[in-house]
A.B. asks: 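Sharing a structure, written as structure tokens. Questions coming.
All chains are named by letter (A, B, ...) in the order of the sequence lines, taking the proteins before the strands, and each is independently numbered beginning at 1. Small disclaimer: the values here were computed from a predicted structure and weren't measured. Values reported hereafter were calculated over all heavy atoms of this structure, with side chains retained and with hydrogens, waters and symmetry mates removed.
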Number of protein chains: 2
Amino acid sequence: MKSKKATIDDIAKRANVSKSTVSRVLNDTTPVHEAKRVAVEAAMKELDFKPNVFARSLAGGQSKTIGVLTQHLGSPFYDTISQGVIAHLSGTSYWPLFADGNDEPETAAEAVENLLGRRIDGLIFIGGMLTEQKLIEFNNRVPTFVVGLELLTMTDHCISVNNELAAFNATKHLIDLGHRSIVHITGISNHIDAVRRLEGYQRALTESGIKIDPELICEGMFDGQSGHDAVMKLLDRGKQFTAVFAANDVCAMGAKLALSRRSLSVPDDVSVIGFDDQHEASFTVPPMTTVRQPAFEMGVAAATAMVAMINKKSFTLPQLPAEVTVRESTAKAH
Amino acid sequence: MKSKKATIDDIAKRANVSKSTVSRVLNDTTPVHEAKRVAVEAAMKELDFKPNVFARSLAGGQSKTIGVLTQHLGSPFYDTISQGVIAHLSGTSYWPLFADGNDEPETAAEAVENLLGRRIDGLIFIGGMLTEQKLIEFNNRVPTFVVGLELLTMTDHCISVNNELAAFNATKHLIDLGHRSIVHITGISNHIDAVRRLEGYQRALTESGIKIDPELICEGMFDGQSGHDAVMKLLDRGKQFTAVFAANDVCAMGAKLALSRRSLSVPDDVSVIGFDDQHEASFTVPPMTTVRQPAFEMGVAAATAMVAMINKKSFTLPQLPAEVTVRESTAKAH
DNA sequence: AAACAAGTTGAAATCGATTTCAAATCTTGA
DNA sequence: TCAAGATTTGAAATCGATTTCAACTTGTTT
């Protein structure tokens with residue numbers, strides 16, 4: 001049976017100093033005599049002292065929590081980023097406080113206010129649905145980083161892969177295999193990342209001297225159903241193509257399903273490439289070629305930068321590469 | 001530019017009453033004259049008053065947060081449960097505080113201590129790796145519910161599907177299709193749920209007069225790789241079978257991949273059934289028959305029960321059914 | 001009309017830290 | 001040796017709520 005939690009007064013008494021001194025060794029704000037320092041530290045060990053988070057925050061100190069707002073906790077990509085954040089933070093004195101934006105700007109804004117009400121020391125957005133204007137505002141209130149979403153301004157607070165380049169490489173991979181009629185199923189069109197991927201797709205075609213065919217560009221929604229429907233529609237119209245580049249993996253899975261329903265084989269008849277490299281991608285039939293985003297590392301990078309910034313240490317944001325992971329859903333065109 | 005946050009004193013002044021009175025209307029602890037009540041409420045509206053969470057907790061009140069410990073945030077099944085919790089809580093004054101158990105008992109226990117240090121009003125375990133003994137201990141400290149994990153005791157604090165029955169039905173589905181040699185790829189063997197699924201599988205066979213063949217029972221780990229490897233090993237040994245029941249969906253996907261590598265068709269040569277019905281299951285080729293666990297509803301149920309319990313209202317835990325969702329990966333044996 | 005119970009109210013203590021300010025101690029240089 | 005400056009230290013105020021306790025209003029009963 002554990003006795004009541006030790007307070008700062010308890011350890012002050014035991015170490016024969018004042019609360020003030022204890023607080024000082026706790027926060028390392030003012031130098032304290034070596035002897036007293038040691039005594040205080042010993043007392044803290046013995047009584048298993050853990051500062052009360054609430055008293056601390058109330059007194060104007062730090063809350064030792066980092067607010068993490070994900071666009072949608074359920075997405076595998078965002079989830080992996082979260083894992084990275086958790087993993088790094090668990091080695092520090094900070095804790096993540098998660099909230100879900102539910103894909104809606106208002107919900108997200110409200111969630112941020114609540115987070116702020118809990119005196120978070122930092123704010124990490126995973127994915128995003130807020131305007132950069134809003135983000136800048138928040139950054140004025142508390143250190144803010146954005147992960148997994150490309151920003152136009154505020155680039156030094158943004159950890160993201162170069163989506164345009166990644167999409168360019170994905171498309172180039174198909175072109176190099178001899179494909180000329182390449183479908184692109186886009187992501188949700190007000191996502192910057194989705195737009196950048198479309199741009200990369202277009203540049204790859206253009207630079208290879210292939211005319212862009214608007215009919216091959218289908219609106220998707222980052223989900224399986226829209227990938228499936230897009231391909232079905234194309235097939236129904238009798239449109240010819242030999243490859244599909246989908247804006248993410250589930251979408252690519254939907255596309256593959258539609259192809260198989262029409263007895264088209266992947267990759268013999270049509271090559272398919274996805275984006276994200278989520279866990280399931282390597283176990284689809286056939287295993288899927290996709291663009292790997294280093295989601296976990298991105299999460300770690302964000303957390304690292306955040307902790308450094310809060311403690312006013314210097315840091316540099318890593319340049320994380322997205323790479324085409326070639327598996328078996330893409331093959332030479334014939 | 002927002003002015004500083006309004007405090008309880010501000011609104012006391014504005015409503016011409018004392019802090020005490022404000023606190024009383026805020027918490028509805030003691031009756032307050034109608035006129036003052038209205039004045040206070042008006043003042044709160046006008047100043048957009050939001051009580052400071054920390055002051056509140058420090059003073060011994062509630063923290064208005066529910067700790068949520070997931071076994072592994074990244075798992076689609078647990079994630080969906082989390083979504084349910086979030087969804088329900090967002091309509092209340094409570095907020096979830098997430099932590100990740102990282103599949104390790106020590107990490108989990110440490111995480112709970114931290115959560116408790118933040119004075120959570122309730123604790124929800126999603127999945128679990130702690131002993132029931134531990135769980136009971138925690139429940140003595142703060143209201144506790146467990147979701148997505150069957151408990152032997154403490155059943156009135158547990159929201160879970162009947163895994164044995166669900167597995168029985170899944171296996172029965174295969175038997176009804178004429179299968180007699182049915183492989184079961186288990187989950188991690190110290191998960192109660194995995195054990196219960198194995199039991200259901202065995203009972204279905206026994207009740208149908210089919211002898212249990214230990215060689216058809218393969219140890220799995222709830223992931224794609226182990227599903228793949230299990231099937232490969234069986235095939236290498238020349239073991240005959242016409243159906244596979246995997247302990248979850250990714251595992252089933254791994255199994256399907258192994259089959260396709262050996263040119264065995266699903267479902268023509270071998271039927272495959274998964275468990276969980278995660279999002280991707282409906283977009284595999286062919287779409288996968290699986291057991292749907294109402295994960296979202298389970299999360300909602302846990303949150304609902306929690307809020308009711310904290311506020312000493314009565315509640316009943318719903319009996320949530322798991323159902324076999326028949327798609328195209330299972331077919332008649334021949 | 002007096003007595004008493006029930007219903008309202010505010011002053012002050014409390015929760016457990018941080019932080020300001022002034023006092024106490026220790027150096028240092030002339 | 002002593003004043004000036006630099007270091008350490010503790011007392012007390014503060015953060016923003018809840019809660020206890022006593023006092024003050026009412027209303028009811030006799």
Side-chain angles (χ1 to χ4, degrees), chain A residues 3-41 43-44 47-65 93 114 116-121 310-311, chain B residues 3-41 43-44 47-65 93 114 116-121 310-311:
Chain A
S3 55
K4 231 176 286 169
K5 273 276 176 70
T7 74
I8 200 175
D9 284 294
D10 298 330
I11 89 117
K13 216 159 287 171
R14 182 175 251 259
N16 241 319
V17 296
S18 70
K19 302 203 296 183
S20 322
T21 302
V22 177
S23 173
R24 285 192 260 265
V25 345
L26 202 54
N27 299 292
D28 200 24
T29 44
T30 308
V32 168
H33 249 199
E34 187 61 16
K36 303 209 175 192
R37 258 268 310 296
V38 173
V40 169
E41 273 161 1
M44 300 205 302
L47 299 183
D48 187 32
F49 171 70
K50 287 185 194 141
N52 179 311
V53 195
F54 297 97
R56 205 169 211 188
S57 309
L58 182 56
Q62 303 184 329
S63 67
K64 294 290 182 183
T65 56
S93 57
N114 192 308
L116 254 17
R118 285 163 192 273
R119 285 250 184 63
I120 50 174
D121 296 329
I310 291 176
N311 294 306
Chain B
S3 53
K4 232 175 288 170
K5 273 274 175 71
T7 73
I8 199 175
D9 285 294
D10 297 331
I11 89 117
K13 217 159 289 170
R14 181 174 251 259
N16 243 321
V17 296
S18 69
K19 303 204 292 182
S20 321
T21 302
V22 177
S23 173
R24 287 191 259 264
V25 345
L26 202 53
N27 299 292
D28 200 24
T29 45
T30 308
V32 168
H33 249 200
E34 187 61 15
K36 303 211 174 191
R37 259 270 309 294
V38 172
V40 168
E41 273 162 0
M44 302 206 298
L47 299 182
D48 188 29
F49 171 70
K50 287 181 194 148
N52 179 312
V53 196
F54 297 97
R56 206 170 211 189
S57 310
L58 183 55
Q62 303 184 328
S63 67
K64 295 290 182 182
T65 55
S93 57
N114 193 309
L116 253 17
R118 286 163 191 274
R119 285 250 185 62
I120 49 172
D121 296 329
I310 291 176
N311 295 307

A.B. asks: Answer with base, sugar-phosphate or nothing: what part of the nucleic acid does A/V53 contact at a heavy-atom distance below 4.0 Å?
C.D. replies: nothing

A.B. asks: Within the structure shown, what part of the strands sits under 4.0 Å from A/N27 by heavy-atom distance: base, sugar-phosphate, or nothing?
C.D. replies: sugar-phosphate

A.B. asks: Taking B/S23 for its side chain and B/K19 for its backbone only, find out whether a donor-acceptor pair lies under 3.5 Å.
C.D. replies: no

A.B. asks: Can you list everything that forms a side chain to side chain contact (heavy atoms under 4.5 Å, CB included) with A/T7? Sequence neighbours excluded, please.
C.D. replies: A/D9, A/D10

A.B. asks: What pairs with A/K36 under side-chain hydrogen bond (donor to acceptor under 3.5 Å, both in side chains), at least two apart in sequence or on another chain?
C.D. replies: none

A.B. asks: Report the residue (A/H33 or B/L58) whose heavy-atom-nearest nucleotide on DNA chain D is the more 5′ of the two.
C.D. replies: A/H33

A.B. asks: Could you tell me which residues satisfy side chain to side chain contact (heavy atoms under 4.5 Å, CB included) with A/A55, sequence neighbours excluded, listed by chain and number?
C.D. replies: A/N52, B/L58

A.B. asks: For A/T21, which contact category applies under a 4.0 Å heavy-atom criterion: base, sugar-phosphate, or nothing?
C.D. replies: sugar-phosphate

A.B. asks: Which part of the nucleic acid does A/S57 contact within heavy-atom distance under 4.0 Å: base, sugar-phosphate only, or nothing?
C.D. replies: nothing

A.B. asks: Does any non-hydrogen side-chain atom of A/M44 lie less than 4.5 Å from one of A/V25?
C.D. replies: yes

A.B. asks: For B/S23, report the nucleic acid contact type (base, sugar-phosphate, nothing); a contact means any heavy atom under 4.0 Å.
C.D. replies: base

A.B. asks: What are the 5'-most and 3'-most nucleotides of DNA chain D lying under 4.0 Å from any heavy atom of chain B?
C.D. replies: D/dG16 to D/dT20

A.B. asks: Through what angle, rounded to 10 degrees, does the axis of the helix from C/dA1-D/dT30 to C/dA30-D/dT1 turn between its ends, using five pairs per end?
C.D. replies: 50°

A.B. asks: Compare all side-chain heavy atoms of A/L26 with those of A/P51 and state whether any distance is below 4.5 angstrom.
C.D. replies: yes

A.B. asks: Quick one: label A/K36 by what it contacts on the DNA or RNA (base, sugar-phosphate, nothing), any heavy atom closer than 4.0 Å.
C.D. replies: sugar-phosphate

A.B. asks: Kindly indicate whether the side chain of A/V17, heavy atoms from C-beta on, has any atom under 4.5 Å from the side chain of A/H33.
C.D. replies: no

A.B. asks: Is A/I310 close to A/Q62 at the side-chain level, that is, under 4.5 Å between some pair of heavy atoms?
C.D. replies: yes

A.B. asks: What nucleic acid atoms does A/S20 come within less than 4.0 Å of, heavy atoms only: base, sugar-phosphate, or nothing?
C.D. replies: base

A.B. asks: Quick one: list whatever passes side-chain hydrogen bond (donor to acceptor under 3.5 Å, both in side chains) with B/R24, sequence neighbours left out.
C.D. replies: none

